Each structure stands twice: as C-alpha cells, then as structure tokens.
Amino acid sequence: RIELDGFSACSLDRHSGILAYDREHIVIALNIGALTIEGRGLELRQMHRERLRVTGTITRMTFGGGG
C-alpha cells in the first residue's frame, strides 16, 4: 500500500529495504520490484520494519517490476 499526501509526503507499507538514498532519489525494494521516488529535499522520516515515510518535494514516482 502506498499513500501519497499531496506532493510533500509518501508512506509505504511492506517494503523490503532501501536500495539507494540521497536528497533527490530514493529507491525502495518491494517484493514485486522497486519503487523510485524523485524530488528535492527528500528525507526518510520514519522507517520501521513494515512501514516507511518519505518527506520532501516529490516530483515523480516510478515502479519497476521484478523479473
């Protein structure tokens, strides 16, 4: 489940970890592929085993399916 709060926050359930992280790109592993979040000033505000929250200015989200 992905929740987008305008262009300033995104919450994601059941992730498998972080593959890449900087202030402009965050790549999150999922059991069915990977989600890339692009923007400005991105931060991981919460990260728990089952849920994470990203804040900042989100300009694009893309999904790449896994094999």
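Only heavy atoms go into these numbers, but all of them, side chains included; no hydrogens, no water, no symmetry mates. Numbers for residues simply follow the sequence, beginning at 1. The structure presented is a predicted model; accordingly, all values stated were derived computationally and were not measured.
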| task | Rounded to the nearest 0.5 Å, what's the gap from OG on Ser11 to CZ on Arg51? Could you check? | result | 4.0 Å
| field | Arg1/Glu50 ion pair, N-O < 4.0 Å | value | no
| field | Co-membership, hydrophobic cluster, residues Ile32 and Ile37, 4.5 Å side-chain | value | yes
| query | So, do Thr59 and Glu38 sit near enough that their side-chain heavy atoms are less than 4.5 Å apart? | reply | yes
| message | Measuring from atom CG of Leu35 to atom OG1 of Thr62, what distance do you get when rounded to the nearest 0.5 angstrom? | response | 7.0 Å
| said: To the nearest 0.5 Å, what is the distance between CD1 on Ile28 and CE on Met47? | reply: 8.5 Å
| Are Ile18 and Val54 in one and the same hydrophobic cluster, where Ile, Leu, Val, Met, Phe, Trp and Tyr link if side-chain heavy atoms are under 4.5 Å apart? | yes
| Test side chain to side chain contact (heavy atoms under 4.5 Å, CB included) applied to Cys10 and Glu3, step by step | CA-CA 6 Å; Cys10 173; Glu3 294 177 11; over 6 Å; no
| remark: Between the OG1 atom in Thr55 and the CZ atom in Arg45, the distance rounded to the nearest 0.5 Å is 4.5 Å
| request: Could you grab the distance from atom CZ of Arg14 to atom CG of Leu52, nearest 0.5 Å is fine? | output: 14.0 Å
| query | When clusters are formed by joining ILVMFWY residues with side-chain heavy atoms under 4.5 Å apart, either directly or through shared neighbours, do Leu44 and Leu30 land in the same one? | reply | yes
| What's the verdict on side chain to side chain contact (heavy atoms under 4.5 Å, CB included) for Asn31 and His15, showing C-alpha distance, side-chain angles and the deciding distance? | CA-CA 7 Å; Asn31 63 348; His15 65 92; over 6 Å; no
| field | Shared hydrophobic cluster, Leu19 / Ile26 (ILVMFWY, side-chain heavy atoms < 4.5 Å) | value | no
| query | What's the spacing between Ile2 CD1 and Leu12 CG if we round to 0.5 Å? | reply | 5.5 Å
| query | Is Tyr21 reaching over with its side chain to a backbone N or O of Glu43, donor-acceptor style, under 3.5 angstrom? | reply | no
